[in-house]
Protein chains: 4
Amino acid sequence: MAEPIGARQAAMERNRAALLSAASAVFLEQGVQAPIRDIARRADVGVGTVYRHFPTRAELVTAVYRHQLDECAALAPTLLEEPVAPTEALARWIDAFVEFLVTKHGLGVALQSEDPSLLSLHTLMLDTLVPACTSLLDAGVAAGEIDPGVTAHTLMRAVGNLCILGPSYRRAEAQDMVARLLIGCRARVDDRTDAPLSRQGAPQDA
Amino acid sequence: MAEPIGARQAAMERNRAALLSAASAVFLEQGVQAPIRDIARRADVGVGTVYRHFPTRAELVTAVYRHQLDECAALAPTLLEEPVAPTEALARWIDAFVEFLVTKHGLGVALQSEDPSLLSLHTLMLDTLVPACTSLLDAGVAAGEIDPGVTAHTLMRAVGNLCILGPSYRRAEAQDMVARLLIGCRARVDDRTDAPLSRQGAPQDA
Amino acid sequence: MAEPIGARQAAMERNRAALLSAASAVFLEQGVQAPIRDIARRADVGVGTVYRHFPTRAELVTAVYRHQLDECAALAPTLLEEPVAPTEALARWIDAFVEFLVTKHGLGVALQSEDPSLLSLHTLMLDTLVPACTSLLDAGVAAGEIDPGVTAHTLMRAVGNLCILGPSYRRAEAQDMVARLLIGCRARVDDRTDAPLSRQGAPQDA
Amino acid sequence: MAEPIGARQAAMERNRAALLSAASAVFLEQGVQAPIRDIARRADVGVGTVYRHFPTRAELVTAVYRHQLDECAALAPTLLEEPVAPTEALARWIDAFVEFLVTKHGLGVALQSEDPSLLSLHTLMLDTLVPACTSLLDAGVAAGEIDPGVTAHTLMRAVGNLCILGPSYRRAEAQDMVARLLIGCRARVDDRTDAPLSRQGAPQDA
DNA sequence: TATGAATGAGGGTTCATTCAT
DNA sequence: GATGAATGAACCCTCATTCAT
């Protein structure tokens, strides 16, 4: 009698995995607002099963991206141990973050939505990634390469927004803009001197 | 005979203005996808009146923002004539653009949406503002203060994205991020040297 | 002061004529259920003017076809005076009626509809044409060429129905079916003997 | 385990049947263009249920009449095997067809409509009944009792039209007109000689 | 547990009809 | 009279969500 229970649990787990996979694919195609029924159909389960595993859309969205978020977060300590400058480590981490965002069509939208059903995703993302990003920013600040005025939360939100793609704003443009934003994070932001390119980044000269 | 007609036209114009005002308010609260009925109710008219004045949602959205877009575009030549550095002129113009964007909650969303009903807004915005932004960028490039690799379209799209606000990412954060992005537009983007703050912006030294 | 009044009346008459013309064209294209606004636009008047001249759709429909109905009715006495057999006179009159019906796309539909808004058209049509048709039928009956059991009302209704065209049932098919119906009106209808073609129409032989 | 599923299926089947019944009744009262909502209310279900069972109006209309169409079609071979003259067999079959049509108020209208949503019904009806009708016509032609110029399609269309009833054109009138049309199908149609009743059907005498 | 049928609120759109000018 | 803007009822259709089996 133990076996059937185990089998049932296994079946449940399989359903859950199928749902995550299906949701990931559907989100990619239609965005995170895709009809629940489409996800259920893709996973070959009934809609009730979706609701049982993920009572709210937010929980499903959250679950879909949790694994990748964890991986992204785990990248930070690795980078910090490598023999590169803190700015370079930060840049590489942001690269990974951007890669994650632009690959997950619709996630950028999800992040900027005030839809309460997506609030938990928002929270998860920040809870997971902010510490990672903070550790990299702190290293940069300590090395005098990053303006202490930049917070991980704001930076990530900004990068998230910059990764909302469109018809004439694709991955390459987003990557370029993110890179420029990072450059801007090195300097103090109130620096608007009309210095030529050779001096732009040297406000401390004043 | 002229008076009555004038009165009719005036009433219609008032209605149209009320609709634009109502739509603006509703877009602010609910985004540009708000139900047409809500806008009609807010303007205290029947839904048919909305459809009469603005047969499609795109036309309404477009009309709501057209005036402000025109004002924003008109600012560019004014700034170029002032005795400030091109970078400063660009910064001020972007300030105005940001002000416009963060005041119009939902416009950022509208800009990034691929929804065909918003395509005309997209087009209008780019047609109106890209030339203005380009003139400022060109002046900056001519002065050696802006990287020629930055296009007006991409920059505006990025700024538009950065102005999509959220619960913990308000106007101040957006403004800061935009300022840093502009700083990053001064340098060539492949600059990722681990230079200290004093040299960050001087890749040409190499 | 008499002139302006005359002018106004003339203008009204012109409007009325324009409306009839426009309605006729629109009914032909879209059927008698076409939007009132389409008719107003075609006539280049406001919708209010349509309602002033023709308070109900039925009155408009009726007016549109009245003239042609009158012409059709007037044909009957003319035909009766010609030196042809009564059956032939009837056939020619029905020809004219069919011509009228198939030319007025949508009229067949109008005739069969129980829509109360079209009741008056129904009434008009019968009031106008039934006497004409009756006179021809009576002549046929008197000559022993038409079954007395056939009433004008029923026959006209049937012919009207047979003239409701469709994608694969065009004018030629309708004309053929009407011709066969008329043939059937010569005989007593309970004639279902299995007589060969040579005897089919001669039940009185029995 | 089989029982519950069976119960579910049974409930669904009952729902479907209720919908067909409700639709049949509503079509009878309001025609096949009746609001979906009315049908849902009549069946005591939500509109969604209607759409689930019959995604398009055409499918609902089609389903409502399919069974009766099949019965009607199946009658043809039966009649052909009976020891009656082909003309009589045809007449009996047309009787059944007329019975079907006049019982289903609104079906006649449906048949003549060019509304694309009713195209499938049109197609179904012709696909189902034309072969049946053709077999009877062919037998009649072979026996020299039916003019070869009559096609099943045209005849059925004509009979369908003749069965569009109205306030003063009821079932009896329609039946009479159909009977006369059938008589007319025995003769060659170009027969318009002014022959007396005793010779009307014998054009071949000429 | 899983299922998916049923529900019904919600949002889009059309058009007959009224009425102030 | 003529106008046509405004109204709002009425339809269409889509899905999020529930719940009996």
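Every chain is numbered from 1, with letters handed out A, B, ... down the list of sequences.
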When the distance from CG of C/Leu60 to P of E/dT17 is rounded to whole Å, what number comes out?
12 Å
Return the value, rounded to whole Å, for the distance between atom CZ of A/Arg41 and atom P of F/dC15.
10 Å
Given side chain to side chain contact (heavy atoms under 4.5 Å, CB included), test A/Leu60 with A/Ile39 step by step and report yes or no.
CA-CA 10 Å; A/Leu60 176 55; A/Ile39 296 164; 4.0 Å; yes
Quick one, give me the B/S/- string for nucleotides 6-12 of chain F, reading 5' to 3', where B means a protein heavy atom under 4.0 Å from the base and S means that only happens at the primed atoms, P, OP1 or OP2.
BBBBBSB
Any pair counted as salt bridge (charged side-chain N to carboxylate O under 4.0 Å, His left out), so long as it reaches residues 32-44 of chain C, sequence neighbours left out
C/Glu29-C/Arg42, C/Asp38-C/Arg41
Heavy-atom side-chain proximity of A/Ile36 to A/Phe54 below 4.5 angstrom:
no
Would you please enumerate the stems DNA chain F participates in, each stem being three or more consecutive Watson-Crick or G-U wobble pairs with both distances under 3.5 Å?
E:2-21 with F:2-21
For B/Arg66, enumerate each residue passing the side-chain contact (heavy atoms from CB on, under 4.5 Å) test, keeping only those at least two apart in sequence or located in another chain.
B/Thr62, B/Asp70, B/Leu124
Give a yes or no answer on whether the side chain of D/Arg57 reaches the backbone of D/Ala34 with a donor-acceptor pair at less than 3.5 Å.
yes
Would you mind reading off the distance between B/Phe54 atom CZ and E/dG12 atom P, rounded to a whole angstrom?
16 Å
side-chain contact (heavy atoms from CB on, under 4.5 Å) against A/Ser21, all qualifying residues, sequence neighbours excluded
none
Listed by chain and number, what are the side chain to side chain donor-acceptor pair (under 3.5 Å) partners of D/Thr56, not counting sequence neighbours?
D/Glu59
Smallest separation among heavy atoms of A/Pro35 and A/Gln30, with atom names
CD-OE1, 3.6 Å
